[in-house]
Amino acid sequence: MTGALTWARLSYRQQKWELLLVVLGVVGVTAGMVWFATTLSALRDANPECLAGLSASFASPMEEGPPVACQAFLTEYYDAENWASNLTNLAWVAPFGMGVILGAPLVAREIDGGTAQLAWSLSRSRVGWLIRRIAFVTLFGLALLAILAFASELLTAAIFPDRTLDEDFMWFGRRGVPIVARGVGAILLGVLVGAVIGRVLPAVLVSILVIGLAFTGVSLALDQVNRSEATLQPMYAGPEEPQVYDMAALDVAFGIERTDGTFVTYTEAFERGFSPSYTDERGLVFESEEAMRADEPFGRDARLVIAGEKYPLLVLRDSIAAIVVGVAALALSAAVVVRRRPA
């Protein structure tokens, strides 16, 4: 325990300003989230009649506008809601920011300052040194992200009080567990970049690119998995079909359900030489005005979705992918540190 505390104090002293910066940032954003969550709940409780007639679904549009007396209240309410929504964007960015601000300088500063060589010569194992060196800052950063993730869930629940958020993809990735899991991947990727480059400022700059590219790749790979599991949902119901628009679902792709039952995005359709440029009020898509007059549709507007009930599964999958990235980055960091020679 004494050794762990010693390493924690050392880590704090070496990265005091970075830690203070992220603490101030997380405290500020969390306080804002809690304040807006409280404000929105209070506004809703004070004027429930002004919000009662508003529809939360495209499938059941509001037939009558709100009373004139509610206009000032609704302006205040939606202004607060817009500001609150922007705070959840910060929650989405936070894990990647942690990787740049906290992760990249962790090992790079030791190498850059020349203290790493001395520490390695006194340590039984360079890998052990690496784990001890990054443990406190990594765990501290993840604890801050956990606070932010909880506050983001609280704020989302305040904005969407009538939705069952544990089975709803609303703001997927901007609330809850994925924020923390992505922090694992981003911080350890930052550590890897710092270990490879060995200079603080270049490591910080390069880590922005590496973290961005790594998570873009993960996102694209997960998108392909999601598309293989998605179901087709028409944007508009046919003459004898019930209108279905699942607000809780994850939108995987928008495009056209062709007359043969296959799905293509508009980009894919144009790449294949088709020209679905005309749409009528029924949501049917045509390649020309002549085809529209003859009622010979190319298909109809549709989307690929994953049902909201699968939200926990995708949260788990997204989180595992981010953690795997982090574990791989940590293993590579250990290999770099073991093989690194004095400058």
Least distance between heavy atoms, Phe36 atom then Ala84 atom: CB-CB, 3.9 Å
Leu304 vs Thr231, side chain to side chain contact (heavy atoms under 4.5 Å, CB included): CA-CA, chis, key distance, verdict: CA-CA 5 Å; Leu304 289 178; Thr231 57; over 6 Å; no
In one Ile/Leu/Val/Met/Phe/Trp/Tyr side-chain cluster, 4.5 Å: Val22, Leu106: yes
Closest contact, heavy atoms only, Val305 versus Ala249: CB-CB, 3.8 Å
Summary of salt bridge (Lys or Arg N to Asp or Glu O under 4.0 Å) pairs that have at least one residue in residues 197-221, sequence neighbours excluded: Asp112-Arg199
Side chain to side chain contact (heavy atoms under 4.5 Å, CB included) evaluation trace for Asp295 with Arg282: CA-CA 11 Å; Asp295 200 24; Arg282 299 169 296 173; 2.9 Å; yes
Check: Glu167 main-chain N/O paired with Thr164 side-chain donor or acceptor under 3.5 Å: no
Any pair counted as salt bridge (Lys or Arg N to Asp or Glu O under 4.0 Å), so long as it reaches residues 178-187, sequence neighbours left out: Arg182-Asp318
For Pro276 against Ala269, the heavy-atom pair lying closest together: CG-CB, 3.8 Å
Set of residues satisfying salt bridge (charged side-chain N to carboxylate O under 4.0 Å, His left out) with respect to Arg174, sequence neighbours excluded: none
Side-chain donor/acceptor of Glu287 to backbone N/O of Ser275, under 3.5 Å: yes
Over all atoms of both residues, closest heavy-atom pair of Ala321 and Val218: CB-CG1, 4.0 Å
Hydrophobic cluster membership, Ile147 vs Val29, 4.5 Å side-chain cutoff: no
Shared-cluster residues of Leu205, by chain and number - hydrophobic side chains joined below 4.5 Å: Leu201
Rounded distance (nearest 0.5 Å) linking atom CD1 of Ile211 with atom OG1 of Thr216: 11.5 Å
Nonpolar side-chain network containing Val324, other nodes, edges under 4.5 Å: Leu316, Ile320
Partners meeting salt bridge (charged side-chain N to carboxylate O under 4.0 Å, His left out) with Asp166 (sequence neighbours left out): none
Greater than 12 external heavy atoms within 6.0 Å of Arg339's CZ: no
Phe263 CZ to Leu232 CG distance, which is reported to the nearest 0.5 Å: 6.5 Å
Spacing of CG belonging to Leu192 relative to CD1 belonging to Ile197, to within rounding of 0.5 Å: 9.5 Å
Under 3.5 Å: donor-acceptor pair, side chain of Ser207, backbone of Val204: yes
Pairwise distance CG(Leu144) to CD1(Ile179) - rounded to 0.5 angstrom: 12.5 Å
Pro95 versus Gly183, closest heavy-atom pair with distance: CB-N, 3.5 Å
Side-chain (Thr39) to main-chain (Trp35) donor-acceptor, under 3.5 angstrom: yes
Short side-chain to backbone donor-acceptor contact, Thr88 and Ser85, under 3.5 Å: yes
For residues 153-162, which side-chain N or O atoms pair as donor and acceptor with protein atoms under 3.5 Å away, sequence neighbours left out?
| unit_1 | atom_1 | unit_2 | atom_2 | d |
| --- | --- | --- | --- | --- |
| Glu153 | OE1 | Arg175 | NH1 | 3.0 |
| Glu153 | OE2 | Arg175 | NH1 | 3.4 |
| Thr156 | OG1 | Ser152 | O | 2.7 |

Sidechain-backbone polar pair: Arg340 side chain, Val196 backbone, donor-acceptor under 3.5 Å: yes
Rounded distance (nearest 0.5 Å) linking atom CD of Glu289 with atom CE of Met292: 7.5 Å
Residue pair Val200 / Pro105: nearest heavy atoms and the distance that separates them: CG1-CB, 4.2 Å
Partner of Val27 under side chain to side chain contact (heavy atoms under 4.5 Å, CB included), chosen from Thr30, Leu24, Val23: Val23
Worked verdict on Val137 versus Phe140 for side chain to side chain contact (heavy atoms under 4.5 Å, CB included): CA-CA 5 Å; Val137 172; Phe140 188 81; 5.6 Å; no
ILVMFWY network linking Ile208 to Val325, side-chain heavy atoms under 4.5 angstrom: yes
Path from Trp83 to Met33 over hydrophobic side-chain contacts below 4.5 Å: yes
Cluster companions of Leu118 among Ile, Leu, Val, Met, Phe, Trp, Tyr (side-chain spacing under 4.5 Å): Leu122
Stepwise side chain to side chain contact (heavy atoms under 4.5 Å, CB included) check, Ile134 with Leu330: CA-CA 10 Å; Ile134 70 175; Leu330 179 59; 3.7 Å; yes
ring-ring contact (aromatic ring centres under 6.0 Å, His included) contacts touching residues 296-326 (sequence neighbours left out): Phe169-Tyr311, Phe172-Tyr311, Phe274-Phe298
Hphob cluster co-occupancy, Val210 + Val337, side-chain heavy atoms under 4.5 angstrom: no
Pairs meeting criterion salt bridge (Lys or Arg N to Asp or Glu O under 4.0 Å) with involvement of residues 221-230, two or more places apart: Arg227-Glu268, Glu229-Arg317
Hydrophobic cluster partners of Val225 (side-chain heavy atoms under 4.5 Å): none
Residue pairs involving residues 187-235 (criterion ring-ring contact (aromatic ring centres under 6.0 Å, His included); sequence neighbours excluded): Phe96-Phe215
Interatomic spacing from CG in Asp251 to CG in Asn226 - rounded to 0.5 Å: 11.5 Å
Side-chain donor/acceptor of Asp45 to backbone N/O of Pro48, under 3.5 Å: no
